[in-house]
Structure formats: C-alpha cells, structure tokens
Amino acid sequence: MDVIRILAAALAAAVGALAGYRKSRELKDRAVFLAEISSLLERFIIGIKNFKRTSDELLENENGEFGRLVKCYRSEQPDIRAAWEKACGNLPAKREETALLSELGRSLGSSDTESTLRLLEQCADRVSQLRASADAEFEKRGRAVFQIGALCGVGAAVLII
C-alpha cells in the first residue's frame with residue numbers, strides 16, 4: 001500500500017511540474033514565434049524596397065516555421081494570399097498576431113508597392129510591440145509558472161503520502 005502511495009505522490013509531483021513547464025513553454029514559444037515573424041516582415045520590407053522582389057520570390061528564401069508553412073501550402077494554393085491564409089488558419093485563433101498576419105496575407109500582392117510597404121511597416125511595428133510584450137511576459141511569468149506547477153505537484157504529493 002505504501003508503494004502505491006509513493007508512486008501516486010511521484011506521479012502527482014511529475015504532473016504538476018509538467019503542467020508548469022508546459023505553460024512556461026507556451027509563453028516562450030509565443031515570444032520566439034513573434035521574433036520569427038518580426039524578422040520575416042523586416043526581410044520582406046527590405047526585399048521589396050531595395051530589391052523589388054515579389055512576395056513569392058521573398059517567400060522562397062524563408063526558413064522560419066511560419067515561412068515553411070506558407071511555402072508548403074503555396075504548392076497547393078493558386079496564390080500566396082491563399083497559402084498565407086491557410087497557414088494563419090493553423091495558428092492559435094485567439095492571438096492578436098494571428099489576426100494581424102491574416103489581414104496582411106489578404107493584401108499581399110493585391111496592391112501597389114508603396115501600399116504593400118506601408119502595410120508591412122505597420123504590421124512590423126505592431127509585431128514588434130507584441131514581441132516586446134511577449135518577451136516581458138515570459139521574463140516575468142515564465143519561471144514563476146513552472147515553479148508554481150512544480151509546487152502544486154509537490155503539494156499534492158504530500159497530501160497523498
């Protein structure tokens with residue numbers, strides 16, 4: 001009987017720590033994703049402004065997670081807008097960056113260069129703000145969330161024993 005309690009306590013501690021780690025990882029993943037999107041938008045701005053590249057040409061050189069996702073869908077979609085929108089559909093729907101990227105995707109390649117650049121710059125500014133916020137949230141809460149999860153698990157383990 002004691003062995004079962006010890007195993008249950010160890011399991012409770014592990015589950016608590018895992019839940020805390022998972023939430024901490026979500027915060028970190030969002031910050032990393034926003035950094036990737038920020039870089040992608042900057043490369044698009046530079047490529048369009050300085051090298052007069054099209055969105056499709058710029059997409060070919062993207063290696064980030066979102067860029068690869070759009071490229072994957074680009075092979076099965078008629079244009080970059082449809083591929084971009086489908087890639088946005090795979091992102092968490094309740095996040096502001098998803099709505100922002102979706103709006104940007106609908107206008108890619110549908111307007112003149114100046115309008116596209118203005119929209120990209122506005123989107124890049126907003127993503128930079130979101131990135132700073134996500135980085136601050138991870139710095140502030142990331143470690144605490146993990147520790148709280150671990151403490152809850154240990155607390156449950158103590159109650160079980």
Side-chain angles (χ1 to χ4, degrees), residues 14-153:
V15 167
L18 184 61
Y21 173 77
R22 193 169 136 229
K23 183 60 179 170
S24 176
R25 192 69 210 167
E26 285 175 18
L27 294 171
K28 179 66 174 173
D29 288 346
R30 181 171 185 238
V32 168
F33 175 74
L34 286 167
E36 175 195 325
I37 295 301
S38 183
S39 295
L40 178 140
L41 294 174
E42 289 300 321
R43 286 190 299 274
F44 268 49
I45 290 168
I46 291 168
I48 291 171
K49 190 182 288 185
N50 297 338
F51 303 108
K52 308 296 186 229
R53 305 251 195 243
T54 65
S55 300
D56 277 320
E57 291 171 336
L58 292 167
L59 185 62
E60 288 177 21
N61 298 321
E62 285 304 316
N63 293 322
E65 183 181 332
F66 186 73
R68 282 193 302 267
L69 190 59
V70 174
K71 281 195 290 191
C72 176
Y73 290 131
R74 181 66 183 103
S75 63
E76 57 189 53
Q77 298 297 323
D79 64 0
I80 191 170
R81 288 188 305 263
W84 192 284
E85 187 64 33
K86 191 163 184 179
C88 286
N90 286 334
L91 300 176
K94 294 182 180 178
R95 296 270 172 95
E96 185 177 348
E97 57 267 20
T98 303
L100 193 62
L101 286 171
S102 184
E103 178 185 334
L104 174 63
R106 284 190 292 272
S107 65
L108 278 179
S110 65
S111 59
D112 63 12
T113 303
E114 291 303 314
S115 297
T116 301
L117 281 172
R118 267 194 311 276
L119 183 61
L120 281 168
E121 288 168 351
Q122 289 171 350
C123 191
D125 287 343
R126 185 63 192 136
V127 167
S128 292
Q129 292 170 355
L130 290 172
R131 178 183 175 193
S133 173
D135 285 339
E137 183 178 15
F138 175 70
E139 289 297 318
K140 183 178 178 183
R141 294 182 50 213
R143 187 172 173 163
V145 166
F146 172 71
Q147 290 173 341
I148 289 169
L151 280 173
C152 288

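Only a predicted model underlies this, so the values are computations on that prediction, with no experimental measurement involved.
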Distance in Å, [X] [atom1] paired with [Y] [atom2], rounded so as to fall on 0.5 Å steps:
X      : Y      : atom1 : atom2 : answer
Leu101 : Arg95  : CG    : CZ    : 12.5 Å
Thr116 : Ile45  : OG1   : CD1   : 11.0 Å
Leu27  : Glu139 : CG    : CD    : 11.0 Å
Phe44  : Leu119 : CZ    : CG    : 12.0 Å
Leu91  : Glu65  : CG    : CD    : 8.0 Å
Asp135 : Leu34  : CG    : CG    : 8.0 Å

Distance-minimising heavy-atom pair for [X] and [Y]:
X      : Y      : result
Ala124 : Glu42  : CB-OE2, 3.7 Å
Arg74  : Gln77  : NH1-O, 2.9 Å
Ser24  : Phe146 : CB-CB, 4.3 Å
Ala87  : Phe66  : CB-CE1, 3.8 Å
Cys123 : Leu100 : SG-CG, 3.6 Å
Ile48  : Arg53  : CG1-O, 3.5 Å

Could you check whether Asp112 and Ser115, counting side-chain N and O atoms only, form a donor-acceptor pair closer than 3.5 Å? yes
Output yes when a side-chain donor or acceptor of [X] lies under 3.5 Å from a complementary backbone atom of [Y], and no otherwise.
X      : Y      : result
Ser133 : Gln129 : no
Lys49  : Leu117 : no
Glu57  : Thr54  : yes
Ser110 : Ser107 : yes

Does [X] pair with [Y] as a salt bridge, N-O distance under 4.0 Å?
X      : Y      : value
Glu97  : Arg131 : no
Glu85  : Arg106 : yes
Lys23  : Glu26  : yes
Arg126 : Glu121 : no

Assess the residue pair Val145 and Tyr21 against the criterion (side chain to side chain contact (heavy atoms under 4.5 Å, CB included)); give the C-alpha distance rounded to whole Å, side-chain angles, the decisive distance to 0.1 Å, and a yes or no. CA-CA 7 Å; Val145 166; Tyr21 173 77; over 6 Å; no
Heavy-atom side-chain proximity of [X] to [Y] below 4.5 angstrom:
X      : Y      : value
Ser102 : Trp84  : no
Leu130 : Glu96  : yes
Arg141 : Phe138 : no

Evaluate Ile46 against Phe51 for side chain to side chain contact (heavy atoms under 4.5 Å, CB included), listing each step before the verdict. CA-CA 7 Å; Ile46 291 168; Phe51 303 108; 4.1 Å; yes
Residue Lys71 excluded, over 12 heavy atoms near NZ under 6.0 Å: yes
Checking Glu62 against Val70 for the side chain to side chain contact (heavy atoms under 4.5 Å, CB included) test, could you report, in this order, the C-alpha distance in whole Å, the side-chain angles of both residues, the deciding distance, and whether it holds? CA-CA 9 Å; Glu62 285 304 316; Val70 174; over 6 Å; no
Given Leu41 and Leu104, is the side chain to side chain contact (heavy atoms under 4.5 Å, CB included) satisfied, shown in steps? CA-CA 10 Å; Leu41 294 174; Leu104 174 63; 3.4 Å; yes
